[in-house]
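Contents: one structure, followed by commentary.
Note that the coordinates shown come from a computational prediction; the quantities given were computed from them, not determined experimentally. In the text below, chain A, chain B and the rest are named by the order of the sequence lines, each starting its count at 1. Keep in mind that the numbers below use all heavy atoms, side chains included, and drop hydrogens, waters and symmetry copies.
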Amino acid sequence: MTSHNKQYDHKKVEAFWQDEWNKKKLFSVKNQGEPYYVLEMFPYPSGRIHMGHVRVYTLGDVLARYKRAKGFDVFHPMGWDSFGMPAENAAIENAIHPKEWTKNNIDNMKTQLKSMGISYDWKSEISTCEPEYIKEQQKIFIKLFNANLIYKKESWANWDPVENSVLANEQVIDGKGWRSGAPIEKKLLNQWFLAITKFAKPLLDNLDNLKEWPENVKIMQKNWIGESIGAKLSLKIIKNNIILDIKEIEVFTTRPDTIFGASFVAIAPDHTLSEKLSKGSKVVEKFIKEWKKSFISEEDLDKAPKNGLFTNLYVLHPFLDIPLPIYIANFVLSSYGTGAVIGVPAHDQRDFDFAKKYDLEIKQVIREPQIKKNVPLKKAYTGNGLLVNSNFLNNMTVKEAKIEIINRFEIKGIGKKDIKYRLRDWCASRQRYWGCPIPIIYREDGAVLPVEQSELPIELPTDIDFSKGGNPLENHPTWKYTTCKKTGLKALRETDTLDTFFDSSWYYLRFINSKDELNLKSDLIKKWCPVHQYVGGIEHAVLHLLYSRFLIRALSSINEIEIQEPFKGLFCQGMVCHKTYKDEENKWVFPEDIVKKENILTHKITGKKVSAIKSEKMSKSKKNIVDPVSIIKDYGADTARIFMLSDSPPERNLDWSNSGIEGSRKFIIKIWNFFNKLNFKENNYDKNLEFEDYKSSDFIKKMHLCIYKVTKNLDNFQYNVAVASLREFSNYFLSLKLNNNNNEILHKVLSIWVIMIGPIAPHFAEELWKILGHETLLAEQPWPKSDERFLQETNINFIIQINGKKKCVVNLPKGLTKDQIENIVLENDDIKKMLINNNIKKIIIIPDRVANLVV
RNA sequence: GCCCACUUGGCGGAAUAGGUAGACGCAAGGGACUUAAAAUCCCUUGUCUGUAAAGACGUCCCGGUUCGAGUCCGGGAGUGGGCACCA
């Protein structure tokens with residue numbers, strides 16, 4: 001038994017129990033019970049965990065421990081997303097090899113993660129830069145290559161001149177590289193693409209079946225895939241004596257109903273016609289050249305002025321026989337639809353802005369229902385209404401007109417219904433060293449072939465020189481030179497490596513049998529997949545999660561795997577935020593360097609005045625980082641965990657505060673002191689619980705209510721409320737005036753409470769469990785069940801309202817009839833007084849809840 | 001510009017099914033203990049009126065549905081996040 005009144009030594013306690021769990025291999029798969037795969041997004045090994053990690057891994061661990069207690073066979077692995085840019089940057093800046101840098105970081109982060117006491121099955125650890133992982137990934141690549149789901153094409157790429165590499169569009173922020181910050185230029189490159197657009201429809205449709213995904217993530221993916229139902233339409237070019245071999249332009253429009261309002265056609269600067277025109281025209285050539293340089297984010301472009309260049313060409317309006325001018329315009333994207341649009345200024349805002357600028361006709365063809373007179377439009381009208389000025393479409397609704405006009409297109413043989421997606425194929429090529437090599441060779445006779453299986457994995461060369469810049473593999477003296485094993489012909493290796501999103505698109509499959517050869521059709525994968533609960537940041541709502549969904553579908557379409565979706569349940573946690581401060585020179589200041597005197601904030605060292613800005617996501621640049629390693633050292637993992645879980649709902653942002661972490665520590669010490677005052681003698685309990693003020697039945701009732709609440713809260717991811725419910729009940733037992741501290745009921749109730757705090761503060765709970773005299777491990781205890789009988793109230797507080805406002809509360813037995821209640825209400829003295837000058841018009845009675853008198 | 005989310009005391013937040021708004025915590029104030037401080041414990045704390053009893057108001061704003069709205073519907077404002085001009 002633990003000695004009394006000793007200090008709670010979190011370092012000793014936490015290390016001890018982590019060791020015990022480890023020795024007993026508690027967190028390995030048991031192969032009994034219903035399988036439950038809990039996975040948190042694996043980290044990039046930056047070298048130090050941050051508060052965001054602490055939050056997400058705490059959330060995942062609460063779930064894993066809770067499900068284990070509930071009898072599930074929990075699989076909870078952890079690994080490393082270990083390829084990527086920072087290792088290469090470190091190599092350049094600090095002359096350390098990426099492999100070594102990454103390995104050191106993993107070692108450090110693993111130690112830090114272990115200090116948090118998370119219930120990982122470390123046996124299954126994986127790292128995406130290891131040869132075993134690369135090998136399996138290259139096999140997957142070859143499968144997709146052979147099925148034509150990976151292909152090479154020339155395409156505009158975002159060229160980062162500092163990194164000498166291509167960035168995906170979504171990796172470009174404000175026209176700059178998301179890591180280098182360098183302005184991005186357009187460059188045409190031949191690159192590897194994954195055919196995600198082939199799966200646009202099923203990826204979209206199956207979102208409806210992801211019942212355990214947050215609605216906002218599904219909406220984001222839906223918008224990202226962006227299905228548009230419209231029409232494809234061919235327009236004849238007239239008065240064409242410039243380009244003779246192009247006789248018509250194909251446009252895609254989602255609003256074919258507005259065709260009678262069309263006043264121009266706009267094509268993308270890289271449309272075939274634009275390119276042809278540029279060869280014969282200096283003006284066009286200059287316009288396109290400017291467009292190539294002016295790569296800025298699409299968002300900025302949205303706000304930027306619409307620019308266009310008249311081509312001196314016209315198309316013929318298919319129904320009005322009038323010429324419509326063709327413009328090359330900066331707001332038309334070649335990657336969407338056909339790269340050409342038909343401009344209807346009255347009913348599309350971009351077309352409206354363009355028409356205003358170039359003085360084109362704005363002809364309204366849909367009447368707004370509210371407005372009667374024909375007032376000139378101030379902006380485009382995109383809503384519903386009846387068609388006007390539209391010949392045979394007049395008086396139809398938008399919906400009817402769409403159907404009719406497509407009909408007419410088909411009769412005339414100029415167009416038809418068409419569906420387009422805004423989703424683009426996934427560019428997976430990276431001109432970098434620290435990534436998975438693409439297992440392809442280019443033979444001297446021109447053949448492009450996958451590497452033979454027996455040669456896998458193709459590993460990176462270790463002797464690498466970063467001093468030249470550019471693509472290190474391309475620059476390596478020997479690595480790329482090889483021969484074709486079948487023919488003996490000379491060949492060159494592909495020197496692009498894979499986007500790290502590829503690595504993270506299937507890693508959850510690798511965990512399952514991390515050491516053996518990957519068999520995607522194995523029973524183990526069928527047993528554990530899809531992942532029952534995936535936890536991670538909302539920032540991955542689209543890319544990572546959509547790519548993962550795609551990869552499974554691609555493999556499943558070629559019969560390589562038998563699951564359709566990677567993640568059954570998804571939970572996205574909020575960011576960890578902290579106050580930011582700036583001094584008078586507008587420089588960020590560390591919060592710990594600030595002193596407060598009479599409500600004036602000053603810098604501890606410089607003495608300069610400092611002002612609080614706001615609470616923002618923790619980031620190094622804003623100096624509002626709190627280091628979890630020192631927090632765990634000073635306060636302990638359990639205190640950090642309790643703080644992470646209290647107060648803020650997991651899906652919302654959490655504000656770091658010192659008083660919050662202090663409060664969590666006080667709670668632990670308070671409970672600790674209480675438990676140390678107890679003195680249970682096993683097998684010698686007093687059966688009758690005696691309190692000065694309470695009946696034991698109340699105590700048991702409250703305990704069952706607590707079980708009910710905490711269980712429900714955990715099931716609903718309301719971890720903050722679960723902590724509150726546990727504190728609420730602890731406030732109750734802490735306040736009891738005990739006559740006897742060796743009581744069986746008390747022992748039982750406290751044991752149950754300790755089991756329930758287990759997933760939240762696991763080391764602390766083990767320690768309390770020991771104080772209670774148990775010789776088992778708390779982590780192995782089953783979750784308690786609340787007994788319905790104790791949740792039934794015999795009396796309820798019944799509310800009496802007058803005109804919907806609460807007037808008084810009476811305590812009534814449960815189950816009274818409406819008539820009985822009405823009598824009681826009308827006989828109530830307070831109510832009688834209030835009714836003296838009023839006539840009752842109506843009485844509404846909801847038994848066991850409320851009565852409302854309408855007067 | 002477009003899309004999404006959010007808005008409840010001094011603060012973080014709670015509130016099955018529309019039925020006692022403010023659980024739990026933080027901060028603040030008062031008290032006890034102490035030579036003193038820290039720690040701990042006890043009390044108070046949505047706003048307004050009132051000595052009090054009590055009453056009125058109150059979940060971003062405006063309107064609606066309802067006997068009854070934090071909760072449902074329509075419109076608006078503010079804050080945060082995302083974005084690839086998606087025709």
From [atom1] of [X] over to [atom2] of [N], roughly how many Å is that when rounded to an integer?
| X | N | atom1 | atom2 | result |
| --- | --- | --- | --- | --- |
| Tyr327(A) | A87(B) | OH | C1' | 18 Å |
| Arg350(A) | G1(B) | CZ | P | 15 Å |
| Lys807(A) | A56(B) | NZ | C1' | 9 Å |
| Phe733(A) | C24(B) | CZ | P | 15 Å |
| Tyr719(A) | A23(B) | OH | C1' | 20 Å |
| Ile668(A) | G25(B) | CD1 | C1' | 15 Å |
| Ile800(A) | G68(B) | CD1 | C1' | 15 Å |
| Leu705(A) | U16(B) | CG | P | 14 Å |

Any chance the side chains of Asn852(A) and Lys842(A) put a donor and an acceptor closer than 3.5 Å?
no
Please determine, for the side chain of [X], which listed nucleotide ([options]) has the closest atom?
| X | options | answer |
| --- | --- | --- |
| Lys842(A) | C67(B), C4(B), G19(B) | C67(B) |
| Val332(A) | A87(B), C3(B), G19(B) | A87(B) |
| Arg849(A) | C86(B), A23(B), A17(B) | A17(B) |
| Ile219(A) | C57(B), C4(B), G68(B) | C4(B) |
| Asn852(A) | A87(B), A23(B), G68(B) | G68(B) |
| Arg652(A) | A21(B), C24(B), C6(B) | C6(B) |

Verdict with supporting geometry, Ile844(A) and Val854(A), side chain to side chain contact (heavy atoms under 4.5 Å, CB included):
CA-CA 8 Å; Ile844(A) 291 112; Val854(A) 186; 4.0 Å; yes
Please state whether the phosphate of [N], meaning OP1 or OP2, lies under 4.0 angstrom from any side-chain nitrogen or oxygen of [X].
| X | N | answer |
| --- | --- | --- |
| Asn731(A) | G25(B) | yes |
| Gln221(A) | C4(B) | no |
| Ser228(A) | A87(B) | yes |
| Lys712(A) | A14(B) | no |
| Lys805(A) | C57(B) | yes |

With rounding to whole Å, what would you report as the distance between C57(B) and U65(B) at their C1' atoms?
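Straight-line distance between the two C1' atoms is 23 Å.
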Pairwise C1' distance for C41(B) and U49(B), with rounding to whole Å
35 Å
For [N], which nucleotide in any strand shown is its Watson-Crick or wobble partner with both distances under 3.5 Å?
| N | answer |
| --- | --- |
| C72(B) | G64(B) |
| G78(B) | C6(B) |
| G12(B) | C24(B) |
| G55(B) | C48(B) |
| A32(B) | U40(B) |

At under 4.0 Å between heavy atoms, what does [X] touch on the DNA or RNA strands: base, sugar-phosphate, or nothing?
| X | result |
| --- | --- |
| Lys670(A) | sugar-phosphate |
| Gln801(A) | base |
| Ser648(A) | sugar-phosphate |
| Asn720(A) | sugar-phosphate |

Donor-acceptor pair, side chain of Asp425(A) and main chain of Thr197(A), under 3.5 angstrom:
yes
So for Arg255(A) and A87(B), does any side-chain atom that can act as donor or acceptor lie under 3.5 Å from a complementary atom in the base?
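Flag unset: no donor-acceptor pair detected.
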Examine Tyr719(A) together with Phe717(A) and report whether their ring centres are nearer than 6.0 Å.
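Distance test on ring centres: under 6.0 Å, yes.
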